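Here's the structure, in structure tokens; my notes come after.
Chain letters run A, B, ... following the sequence lines, proteins first, then strands; residues in each count from 1. Not measured: the values here are computed from a predicted model.
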Amino acid sequence: MISGPGMTKYNHWIMSDESYNPAETEPKWREYWISNHLHEARDDDPRPKYYCLDMFPYPSGSGLHVGHWRSYVLPDCWSRYKRLQGFNVLHPMGWDAFGSPAENDAIQKGIHPRVGTQRNIENFKRQLHEIGAMYDWSREVNTTDPDYYKWTQWIFVKMFKAGLAYKTYMPVNWCPSCKTGIANEDVVNGRCERCGTEVTKKELNQWMLRITKYADRLLEGLQKLDWPEKVKTMQTNWIGRSEGAVVTFTAIAADGTEHPLKIFTTRPDTLFGATYMVMAPEHPLVPELTSPAQARNVQAYVETVKHEKDIDRAANIEKTGVFTGAYALNPVNGEKIPIWIADYVLMAYGTGAIMAVPAHDERDYEFAKKFGLEIREVISSKQGIDKEAFIGEGTMINSGQFTGTPSDEGRKAIVRWLESKELGSATVNYKLRDWVFSRQRYWGEPIPIIHCSINCGLVPVPESDLPVQLPDVERYQPTGTGESPLAAIKDWVNVKCPNCGNPAERETDTMPQWAGSSWYFLRYASPKAKDALITEKGKEWLPVDLYVGGVEHAILHLLYARFYTMFLHDIGVVDFDEPFERLFNQGMITHVGKSGKAEKMSKSKGNVVNPDDLVRQFGCDSLRMYELFVGQPELDAEWNDHGIEGVYRFLKRAWHWTLMHNGRWNASPPREMLVQRHLLIKNVTERLETFRMNTIVSSFTVEAFLVAIAPFVPHFAEELWQRTGHQPSIFLQKWPKWDEAYTTFDTVTVAVQVNGKLRGTVVVKAEAPEESVLEAATKDPTITRFLDGKQIRKKVYVKNRILNLVVG
RNA sequence: GCCUGGGUGGCGGAACUGGCAGACGCACCGGACUUAAAAUCCGGAGCCCCGCAAGGGGCGUACGGGUUCGAUUCCCGUCCCAGGCACCA
């Protein structure tokens, strides 16, 4: 700050101990809150509980930027508000600390993931501290802590015992050069991000979780949740329930052998329109059905698809496929139709084969046009099928005994007929697939299973032996066989079978990062419990009342967490089956960087704004307030580098205003002031309740009121609270209530329109009847100018708002 | 291609259930204070047109229609931007 002999009188006043100096007051109050345990949630507190949860972060090396800040400030503001409302608030924080960046650092720089992670956590914690949030650090959890992942493993063992965890061969993205499986996000344009080699597929024996068993419950549970409709829609589409039928066709190979070929269809009513069949290229029957004449083509196609499958393909890709040389018999009419393979049929959905009805399916239509296959209309429609497939409902035609039936009835009739002949059955299908739970990586929870090849097969580690600790390794590099680095530690791998005592081997796959984050919200309730995942006392905190985080987790994380909770409910660990009653999605902060466009902040785009500098210059409270002011919380907002100066100026004004008026507050205030005060409280309360924080901050400029602004600028409020002669902490106060009597005005300004155009305003008594407004309006020359010589044909009056006169 | 959001001044963004569009802030302009600057305080402003001025008029919420006394808000169509998903039978 400026000082010295050149200081003016006014500067001197700024420099006095009344000046707003956040650098001095903010650390003081943070320390006060901590040493007085004000943010710790007590189990035995008699107040009603409120659990406000932030999505816990992955502690990355690059630290927080102002975009991250936004997602922590809103829930903190809300938590403080709930505290002032008299709730016993649990607002915890922790670390989702397993994950590949730490492992990559280990490979590239030789830093032990545990060491690197610990260092990042410390930096994150320091930065989070500057937010001034009321986190209860006594409940901090860390997914990489053995005391924590003991329970991550325990849940897996329970799932295994319940038949929800199983092993199967699944294709993974495989880089032939790195000799390792890689995640989808590390495949860029079909190539390995690290070495640029073309990625292919490799079948690996993988652990799977049977999430599909919960598909219906995951779908139905959505109905009772207070979540954004957008997220519910995304989850609904992801689960993708569709009703239809499985129908068995008879496939005849070139050598005359017959194989049942099952297909799934949502339109059994179009069965008579099937003119060919398509199998996924990976379908197990493909080799058996392919004729010698077609073998070369088929093999070549299958090979191409292996490479193409996960490549980002352009929007309007052309259909491809080849004929297998085999035919199938349609069960409804015995007709012989050709069997093709094509990549537009996916092995992972339905049965991996379809009957193609080009007249009534867009994709089949396109395919049939390209390869000159027959298109047969079986549902009548006005538009016909000359230009495109007709996919709507209509009357069945060319359909044997079913001709003339409306398609929706026909659907059921055909299924009944198929069932009676044992040729098919009504079936519900889901897009949702089982969850690939294996990772061939080091930095994750070891899957607690022992392979006993002599007697017992797959044996879970006894619960009393948990956790299976992650051992130190010499090398973090992949083994090249597709196994995790753990496979190289022989004295860790080799164990005795807990069942029969014979030599056996540990599972060397680890769990995905999702594992630890699927249940962490439960652990905050009793983070130190030794003998149970959650204590009886801890259960009282649950479920989470409000969950705040980015919309990018709308599907996977939230679905997995719901699945885990349902399972834990089923085995009696918790007594509810939906973990998050209310969900709020933050928008992200965009900023102009090198590209010249406003984009999401990231180091590579060079558009990151560091909060540390802003906190130093303007204080934490200014940044908090600007983060809330910047725009509607659920929408993205663009960062304005100078915007924070506005809130800083406001806080300075409010600071001096408060100190100037101190001591004069108890004088009986005039009604004018009471109205201002009650309106402010009403506004802030109502807008907080609907999360419209950005519009509240604007209304403060009317008049600052310490308790009402405390959730937004806690240090500021706390400091002034004390300076105005009160005992800290302000957060022990009650949220103020407003009185309707003071939120109404004696007079109102009514807008007067003529033919829908604003021509003036009149001030009348509140609740005034139409006649008195009209009377006032017809006395106002600025309005009567538009009425002269014309007749009022119609009057529309909305009380206290508007009078519209239609003249002509 | 499909799904989901979104498009309002120079900029970020307000506007409760259809009722005074542009709150609040940034940037800008003018004034006060200052030797000067910064800071602070007061005032101004959507755009276009007429007028010396006081003032007056027109147009305006991506674009084109519609419903209505009245539309940023509701309906139909088009364009653009962002995010997500990849042919789900």
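- Counting only residues at least two apart or on different chains, the salt bridge (charged side-chain N to carboxylate O under 4.0 Å, His left out) pairs with a member in residues 348-361 of chain A are A/Asp361-A/Arg363.
- Residues in residues 624-633 of chain A take part in these side-chain hydrogen bond (donor to acceptor under 3.5 Å, both in side chains) pairs, two or more places apart or across chains: A/Asp76-A/Arg624.
- Following rounding to the nearest Å, A/Gln586 (CD) and B/rG83 (P) show an atom-to-atom distance of 18 Å.
- B/rU67 and B/rA53 have their C1' atoms separated by 44 Å, given to the nearest Å.
- Rounded to the nearest Å, the gap between the P atom of B/rG64 and that of B/rG56 is 29 Å.
- B/rG9 shows a glycosidic angle within 90° of 0 and is accordingly assigned syn.
- Listed by chain and number, the residues in a salt bridge (Lys or Arg N to Asp or Glu O under 4.0 Å) with A/Arg793 amount to none (sequence neighbours excluded).
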RNA chain B base-pair string [pairs: Watson-Crick or G-U under 3.5 Å; |: paired with another strand]: (((((((..(((......[....))).(((((.......))))).(((((....)))))..(((((..]....))))))))))))....
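- Qualifying side chain to side chain contact (heavy atoms under 4.5 Å, CB included) partners for A/Glu767, counting only residues two or more places apart in sequence or in other chains: A/Lys799, A/Asn800.
- Classified by interplanar angle (parallel below 30°, tilted 30° to 60°, perpendicular above 60°), the ring pair A/Trp435/A/Tyr560 is parallel.
- Residues satisfying the side chain to side chain contact (heavy atoms under 4.5 Å, CB included) criterion with A/His557, sequence neighbours excluded, are A/Met55, A/Trp514, A/Ser517, A/Tyr520, A/Tyr547, A/His553, A/Ala561.
- Residue A/Val798 is classed as a base contact, given a heavy-atom separation below 4.0 Å to a base.
- When distances are taken from the side chain of A/Thr233 to each of B/rC26, B/rC20, B/rU4, the shortest belongs to B/rU4.
- Listed by chain and residue number, A/Tyr81 satisfy the side chain to side chain donor-acceptor pair (under 3.5 Å) test with A/Glu689 (two or more places apart in sequence, or in another chain).
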Show me the protein contacts with nucleotides 10-13 of chain B, counting only N or O atoms at under 3.5 Å.
| residue | atom | partner | partner atom | Å |
| --- | --- | --- | --- | --- |
| B/rG12 | O2' | A/Glu638 | O | 3.4 |

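- Every residue meeting the side chain to side chain contact (heavy atoms under 4.5 Å, CB included) condition with A/Asn237, not counting sequence neighbours, appears here in chain and number order: A/Thr233.
- Put simply, CG on A/Asn585 is 13 Å from C1' on B/rG84, counting in whole angstrom units.
- The side-chain tip of A/Lys319 points at the ring of A/Tyr344 from less than 6.0 angstrom away and within 45° of straight on.
- Nucleic acid contact class of A/Glu686 (heavy atoms, under 4.0 Å, all strands): none.
- Applying the 3.5 Å distance criterion, the base of B/rC41 shares no donor-acceptor pair with the side chain of A/Arg649.
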